[in-house]
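The block underneath contains the structure these notes are about, expressed in structure tokens.
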Amino acid sequence: MDAEREARIAEVAARARSVWAEDRDGGALQEFLKELGCDGVDAVMVTRQVVGCSLGEAQEMFLTAPCRAAELAFHNAFMEALERSQGDA
């Protein structure tokens, strides 16, 4: 990861810590990140830093947040297509 991206993730994480500290609600954290325009891998990395969890736990928190329903739908469709393509090989 380049230095600029690391700095951006660290800055967003610093802003998000108060949201997480308020009630330790993963949905509220993801809503806050979405409002900032922090999506995808960056949102997962920020979640990992703020919550202090594993990569898998951060990804789960990202994908199960109600505000991330579109991302979950895309992820599921992509995984299903990948599984289908493996059957064709």
Side-chain angles (χ1 to χ4, degrees):
M1 185 178 327
D2 65 46
E4 183 180 319
R5 189 172 185 191
E6 275 186 30
R8 185 175 60 247
I9 288 170
E11 187 269 327
V12 173
R15 293 178 63 187
R17 281 189 176 88
S18 63
V19 174
W20 175 251
E22 192 171 309
D23 57 10
R24 302 178 74 82
D25 179 353
L29 176 60
Q30 292 307 313
E31 188 70 43
F32 177 78
L33 295 177
K34 189 171 184 81
E35 288 173 8
L36 292 179
C38 182
D39 298 305
V41 174
D42 287 357
V44 172
M45 298 305 292
V46 169
T47 299
R48 190 172 179 209
Q49 284 187 23
V50 170
V51 176
C53 62
S54 72
L55 180 59
E57 292 167 325
Q59 183 179 18
E60 182 178 349
M61 191 177 293
F62 173 81
L63 289 172
T64 60
C67 68
R68 302 288 190 184
E71 289 89 337
L72 178 59
F74 174 82
H75 171 79
N76 288 341
F78 178 80
M79 295 306 291
E80 288 172 13
L82 183 61
E83 288 172 1
R84 281 192 307 274
S85 73
Q86 295 298 318
D88 294 341

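Keep in mind that what you see is a predicted model, and the values were worked out from it rather than measured.
- Under the side-chain contact (heavy atoms from CB on, under 4.5 Å) criterion, Ala58 pairs with Val44, Thr47, Arg48, Cys53, sequence neighbours left out.
- Nearest heavy-atom pair, Ala16 versus Val50, reported as atom, atom and distance to 0.1 Å: CB-CG2, 4.0 Å.
- Taking the side chain to side chain donor-acceptor pair (under 3.5 Å) definition, one finds that Glu6 meets it with nothing, sequence neighbours left out.
- Residue pairs meeting the salt bridge (Lys or Arg N to Asp or Glu O under 4.0 Å) criterion with at least one member in residues 16-30: none, sequence neighbours excluded.
- The nearest pair of heavy atoms linking Gln49 to Ala13 is OE1-CB, 3.5 Å.
- Under the side chain to side chain donor-acceptor pair (under 3.5 Å) criterion, Arg15 pairs with no residue, sequence neighbours left out.
- In this structure, the side chains of Arg84 and Met79 stay at 4.5 Å or more apart for every pair of heavy atoms.
- Annotation: side chain of Arg5 is in contact with side chain of Val41 (closest heavy-atom distance under 4.5 Å).
- Atom CE in Met61 sits 10.5 Å away from atom CG in Leu33 (nearest 0.5 Å).
- Remark: Glu4 pairs with Asp2, Arg8 by the side-chain contact (heavy atoms from CB on, under 4.5 Å) rule, at least two apart or across chains.
- Contact check for Val12 versus Asp42: no side-chain heavy atoms found under the 4.5 Å cut-off.
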Considering only distance and modelled atom types, tabulate donor-acceptor pairs under 3.5 Å from the side chains of residues 64-73, sequence neighbours left out.
unit_1, atom_1, unit_2, atom_2, d
Thr64, OG1, Glu60, O, 2.7
Arg68, NE, Gln30, OE1, 3.2
Arg68, NH1, Asp39, OD1, 2.5
Arg68, NH1, Glu71, OE2, 3.4
Arg68, NH2, Gln30, OE1, 3.3
Arg68, NH2, Cys38, O, 2.9

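- Closest of all the heavy-atom pairs between Gly26 and Trp20 is N-CZ3, 3.7 Å.
- For the side chain to side chain donor-acceptor pair (under 3.5 Å) test, residues two or more places apart in sequence or in another chain that qualify with Ser54 are Glu57.
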